[in-house]
Amino acid sequence: MTSFKSDFLNVLSERGFIHQCTDAEALDTLASAGPITGYIGYDATASSLHAGHLVQIMLLYWLQKTGNKPIVLMGGGTTKVGDPTFKDTQRPLLTDEQIQSNMNGIKSVFNSFLTFGDGATDALMVNNDDWLSGFGYIEFLRTFGTHFTINRMLTFDSVKLRLEREQPMTFLEFNYMLMQAVDFRELNSTYNCVLQMGGSDQWGNIVNGVELTRRLNQKAAFGLTTPLLTTASGAKMGKTVGGAVWLNADALSPYDYWQYWRNTEDADVGKFMRLFTDLPMDEIRRLEALQGAEINEAKKILADAATRLVHGEAAAATARDTAQKAFEQGVLSADLPTVEVARAELEAGIMLAALTTKIGLTQSNGEARRLAQGGGLRVNDTAITDGNQAVTLADLNADGVIKVAQGKKKIVLVKPV
RNA sequence: GGGGGAAUGUCCCGAGCGGCAAAGGGGGCGGACUGUAAAUCCGCUGCGUAAGCUUCGCAGGUUCGAGUCCUGCUUCCCCCA
């Protein structure tokens, strides 16, 4: 495993980050000789990144940890076009305002992982809109278009699959590849950036960038991708009850984030600890070897470590404590998600189904009733099978709240105000 | 420009004689079993307390009645030019 000379590639390799690399040996030599600069691009398609982006963020994290300079490329320009890679249909185009606001939401996450600044290995954040939007059409075509052949572009899986499935690909989307390649070349010229990383689906796009950079700048350039991540049972990573596992606290609370990792399948514990935490390898090897129920301890440590990286030490501790009280001691913690409901409404008595819908546990009264019928709704730990039953102030417990649970893991405290 | 085909349950795939709230999957959620795991088994998966209401690309029409037939439109695919 430890066949590399550079710390950077050794860490990536033993932790399982490497799927493909354009020239691992040469990159290794370069990285062992001194700090290198690498980047990853993020398009602003949502207001927060999610767990699916985490592997790539960790890549930047380790790049910096091992003494190199990471660049976070915000895709302000490329988002205007939309990445067609491995998508069946074109995404709706976002307005400039949406893109800007999404970028603002995304930026903050990186502060938890990287140290930004002007030093040699300090992280940098740039926006490709700064150079991409400035090009004139003909200028762009003459400068870069001449280096790409349609023949070649059509052979990339990302494009080929779309065509094979007889789905349309617009000329706009077709150009995404070029823009991403231009990014790499631009960063190489400006910051001497020699490495682009990304998920395995980005391989084609990355290779284009590597080639364009070599050709136009006559400099070494490398690409490296991470494996496509699925859970041991084959599900795609990053989905949970409420939707995606967002990294921003306002999109998904640290408690829910902690829970996501706590619920990891046994078979994934080791893999996830390698990829999503900075726990030392010795520790990981010890933890993943735990058998049976003991592996739950490992899952807690995984959840702690993963949450700490994103939300900080304090939030991780609180989440852990809250979960421990709720699941292991059966005690309520005031830190559980709490929703305030007008006291008058409870005084009058509110239908359980209406209540769960109001506090966001269910989407409609009908859904709530069906859930209740199946035994999936609990008020103060008692299953209520009739969704029409009224919830009133009489249901307040000693702490002055009503504990409403959907299933075993989604718990909300209702507080009268 | 000509010809042929496609669009189905606000997650996806996908059946659908003129009587359909619409087969079957997948996914998701809930229950049982467990260890807040996996596997397995069971249930639910348009809205409404209900009467009922609203769904099959869009707009009209035929019919007691249309996802299903007719007309126009939109979008997409394929073939010919």
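Just so we're on the same page: letters track the sequence lines, and every chain starts at 1. All values reported here derive from a predicted model rather than from experimental measurement.
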Assess whether side-chain contact (heavy atoms from CB on, under 4.5 Å) is satisfied between A:N104 and A:Q100, documenting all intermediate values. CA-CA 6 Å; A:N104 292 337; A:Q100 191 53 48; 3.6 Å; yes
Please state the C1' separation for the pair B:G30 and B:U71 - nearest whole angstrom. 48 Å
Rounding to a whole Å, what distance do you find between A:Q259:CD and B:G35:C1'? 14 Å
Name the pairs: protein N/O against N/O of nucleotides 52-55 of chain B, kept only if under 3.5 Å.
none

Provide the full list of side chain to side chain donor-acceptor pair (under 3.5 Å) pairs with a residue in residues 336-348 of chain A, sequence neighbours left out, each pair given once. A:E345-A:K358
N/O (side chain, A:S364) to phosphate O (OP1/OP2, B:C47) under 4.0 Å: yes
Would you indicate which nucleotide in B:U36, B:G31, B:U49 comes nearest to any side-chain atom of A:M351? B:U49
Is a side-chain N or O of A:Q324 found less than 3.5 angstrom from the main chain of A:D321, in a donor-acceptor match? no
Distance-only side-chain donor-acceptor flag, A:T318 / A:D335, under 3.5 Å: no
Taking OH from A:Y257 and C1' from B:U36, how many angstroms apart are they, rounded to a whole number? 18 Å
With syn meaning chi within 90° of zero and anything else anti, the base of B:C47 is anti
Spacing of the C1' atoms in B:G52 and B:U8 (rounded, Å): 24 Å
Mind checking the P distance from B:U10 to B:G4? Whole angstroms is fine. 33 Å
Scan side-chain atoms only and decide if A:T362 and A:T357 contain a donor-acceptor pair under the 3.5 Å cut-off. yes
side-chain contact (heavy atoms from CB on, under 4.5 Å) involving A:Q373 - partner list, sequence neighbours excluded: none
A:N365 vs B:C47: side-chain N/O to OP1/OP2 distance below 4.0 Å: no
Which is true for A:L377 with a 4.0 Å heavy-atom rule: it touches a base, it touches only sugar-phosphate, or it touches nothing? nothing
Could you list all N or O pairs between the protein and nucleotides 20-22 of chain B that sit under 3.5 Å apart?
none

Between A:E288 and A:K271, does at least one N-O distance fall below 4.0 Å, as a salt bridge requires? no
Looking at B:G35, which nucleotide sits across from it as a Watson-Crick or G-U wobble partner, both distances under 3.5 angstrom, or is there none? none
Stretch residues 386-394 of chain A: residues that reach within less than 4.0 Å of RNA chain B through a heavy atom: none
Any idea how A:F272 and A:F276 line up, ring-wise: parallel (<30°), tilted (30 to 60°), or perpendicular (>60°)? perpendicular
Distance between P atoms of B:C47 and B:C17 (Å, rounded): 27 Å
Distance between C1' atoms of B:U54 and B:G3 (Å, rounded): 38 Å
With both distances under 3.5 Å as the test, what is the Watson-Crick or G-U wobble partner of B:C44? B:G28
Sidechain N-carboxylate O distance under 4.0 Å for A:E265, A:K299: no
Just jot down the ring-ring contact (aromatic ring centres under 6.0 Å, His included) partners of A:F135, sequence neighbours excluded, or say none. A:F140, A:F144
Say you pick atom P in B:C77 and the same atom in B:C70; how far apart are they, in whole Å? 25 Å
Once you apply a heavy-atom cut-off of 4.0 Å, does A:A323 come out as touching a base, just sugar-phosphate, or nothing? base
Taking 4.0 Å as the cut-off, does a side-chain nitrogen or oxygen of A:K408 come that near to OP1 or OP2 on B:A32? yes
Looking at residues 366-375 of chain A, who's got a heavy atom less than 4.0 Å off RNA chain B? A:G366, A:R369, A:R370, A:L371, A:G374, A:G375
A:N296 side chain reached by A:L290 side chain, heavy atoms, under 4.5 Å: no
Go through B:C47, B:U36, B:C29 for me and flag the one nearest to the A:Q406 side chain. B:C29
Using both distances under 3.5 Å as the test, list the Watson-Crick or G-U wobble partner of B:A51, or none. none
For A:F8, enumerate each residue passing the ring-ring contact (aromatic ring centres under 6.0 Å, His included) test, keeping only those at least two apart in sequence or located in another chain. none
Strictly by modelled atom types, are A:T213 and A:N188 linked by a side-chain donor-acceptor pair under 3.5 Å? no
Whole angstrom value for the distance that separates C1' of B:A37 from CZ of A:F327: 13 Å
Would you call A:K403 and A:D381 a salt bridge, taking side-chain N to carboxylate O under 4.0 Å as the test? yes
For the P atoms, the ones on B:A66 and on B:C73, what distance do you get once it is rounded to whole angstrom? 24 Å
For A:Y255 and B:U36, what is the distance between atoms OH and P respectively, to the nearest whole Å? 13 Å
Among B:A38, B:U36, B:G31, the one nearest A:R262 by side-chain distance: B:U36
By a strict heavy-atom criterion of less than 4.0 Å, which residues belonging to residues 296-308 of chain A are in contact with RNA chain B? A:N296, A:K299
Tell me every residue that passes side-chain contact (heavy atoms from CB on, under 4.5 Å) with A:A303, counting only those two or more places apart in sequence or in another chain. A:W258, A:W261, A:R262
For nucleotides B:U49 and B:G60, find the distance between their P atoms and express it as a whole number of Å. 31 Å
Whether the side chain of A:D28 engages the backbone of A:K5 through a donor-acceptor N/O pair (distance < 3.5 Å, no angle test) should be reported. yes
The side-chain contact (heavy atoms from CB on, under 4.5 Å) partners of A:V11 (sequence neighbours excluded) come to A:R15, A:W62, A:T66
By ring-ring contact (aromatic ring centres under 6.0 Å, His included), A:Y255 pairs with (sequence neighbours left out) none
